[in-house]
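For the numbers below, each heavy atom of this structure counts, side chains included, while hydrogens, waters and symmetry mates do not.
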Amino acid sequence: MKMNRVILAILLCLNVSVAAAEMPDIQEGLWEVSSEATIPGMPMKMPAVTMEQCFTKQSMKPENIMQQNNCQMNSMDIQNNLAQWSMSCEQEGMTMQGAGNIQYQKTKFSGTFEMTMSGAPQGAMTIQTKLTGHYIGDCP
């Protein structure tokens, strides 16, 4: 699912140093990352998605991740252990605008992300996503 790749791209980009921003204090290694998306007005609930991801400084190159997903960070602010951002993406004829925030602790994080899509066959829609993650251990 493309939205999950966009969410993963956001998480990876937020775990790297950004010019003039402070790096959140997180543990490198294997993490379990969960996202639960809600589309207001949609009668059925979307299932939560959980995946494991190895976060290392070497694997987190934002320019490559964002380019793969046709996304661009419009703003990024990291202070202490709170990251806030806005971004835009273009995929398959759709334009997406989004903003979110993540609160980090050394071995866990939680946050929200809201993205509005336009250009889809069903018309414009907003997706609200809750993000959580926790450190599992060393990467395989």
Side-chain angles (χ1 to χ4, degrees):
M1 178 182 241
K2 293 213 182 261
M3 183 52 100
N4 289 332
R5 284 191 285 166
V6 170
I7 291 169
L8 182 58
I10 293 164
L11 293 173
L12 292 174
C13 288
L14 293 175
N15 287 304
V16 297
S17 294
V18 176
E22 182 181 320
M23 174 81 169
D25 182 24
I26 63 162
Q27 179 72 40
E28 284 186 299
L30 187 63
W31 284 67
E32 182 177 88
V33 178
S34 297
S35 63
E36 186 176 341
T38 304
I39 300 175
M42 180 176 260
M44 86 184 172
K45 185 176 178 177
M46 296 174 62
V49 175
T50 300
M51 63 184 120
E52 290 184 358
Q53 177 67 41
C54 186
F55 290 140
T56 67
K57 288 185 184 352
Q58 293 77 24
S59 69
M60 294 184 259
K61 299 205 182 291
E63 61 277 4
N64 295 334
I65 296 164
M66 297 305 276
Q67 187 175 38
Q68 284 177 352
N69 291 285
N70 297 321
C71 295
Q72 174 181 335
M73 273 300 168
N74 299 325
S75 68
M76 171 78 71
D77 183 28
I78 301 175
Q79 295 185 21
N80 298 318
N81 286 326
L82 176 64
Q84 298 178 69
W85 72 94
S86 67
M87 64 183 294
S88 56
C89 305
E90 288 190 30
Q91 293 181 350
E92 299 176 7
M94 293 185 294
T95 301
M96 297 173 270
Q97 300 287 327
N101 66 74
I102 292 182
Q103 179 71 47
Y104 290 94
Q105 295 176 341
K106 183 85 174 165
T107 58
K108 63 182 178 178
F109 66 80
S110 64
T112 60
F113 178 64
E114 183 169 298
M115 182 166 270
T116 301
M117 292 188 284
S118 58
Q122 64 273 29
M125 79 169 86
T126 299
I127 299 175
Q128 299 165 338
T129 305
K130 292 181 185 177
L131 306 167
T132 59
H134 67 274
Y135 174 77
I136 299 172
D138 293 334
C139 293

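- For the pair Gly29 and Cys139, the tightest heavy-atom approach, listed with the atom from each and the gap, is C-SG, 3.3 Å.
- Taking the six-membered ring where tryptophan is involved, the planes of Phe113 and Trp85 are essentially parallel, since the angle between them stays under 30° and well short of 60°.
- Atom OG of Ser35 is separated from atom NZ of Lys130 by 12.5 Å, given to the nearest 0.5 angstrom.
- The closest side-chain heavy-atom distance from Gln84 to Gln79 is not below 4.5 Å.
- Across all non-hydrogen atoms, the minimal contact from Ile136 to Glu52 is CD1-OE2, 3.8 Å.
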**Report entry** Intermediate values then yes/no, side chain to side chain contact (heavy atoms under 4.5 Å, CB included), Gln72 and Glu90
**Finding:** CA-CA 9 Å; Gln72 174 181 335; Glu90 288 190 30; over 6 Å; no
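- For the atom pair CE of Met94 and OG1 of Thr116, the computed distance is 13.0 Å after rounding to the nearest 0.5 Å.
- The closest side-chain heavy-atom distance from Glu114 to Thr126 is below 4.5 Å.
- For the atom pair Gln97 CD and Met117 CE, the distance stands at 12.5 Å (nearest 0.5 Å).
- Here the closest non-hydrogen pair linking Trp31 and Thr107 is CH2-C, 3.5 Å.
- No donor-acceptor contact under 3.5 angstrom links the side chains of Thr95 and Ser118, judged on distance only.
- Residues Leu82 and Asn101 form a side-chain contact, since some pair of their non-hydrogen atoms from C-beta on lies under 4.5 Å apart.
- The structure places OG1 of Thr38 at 8.5 Å from CE of Met46, a figure rounded to the nearest 0.5 Å.
- Between atom NZ of residue Lys108 and atom CD of residue Gln103 there is a gap of 10.5 Å, rounded to the nearest 0.5 Å.
- Side-chain contact between Met115 and Thr129 is absent, with no heavy-atom pair separated by less than 4.5 Å.
- Atom CG of Leu30 and atom CG of Asp138 lie 9.0 Å apart (nearest 0.5 Å).
- Summarising the geometry of Gln27 relative to Tyr135, their closest heavy-atom pair is CG-CE1, 3.2 Å, with the distance given to 0.1 Å.
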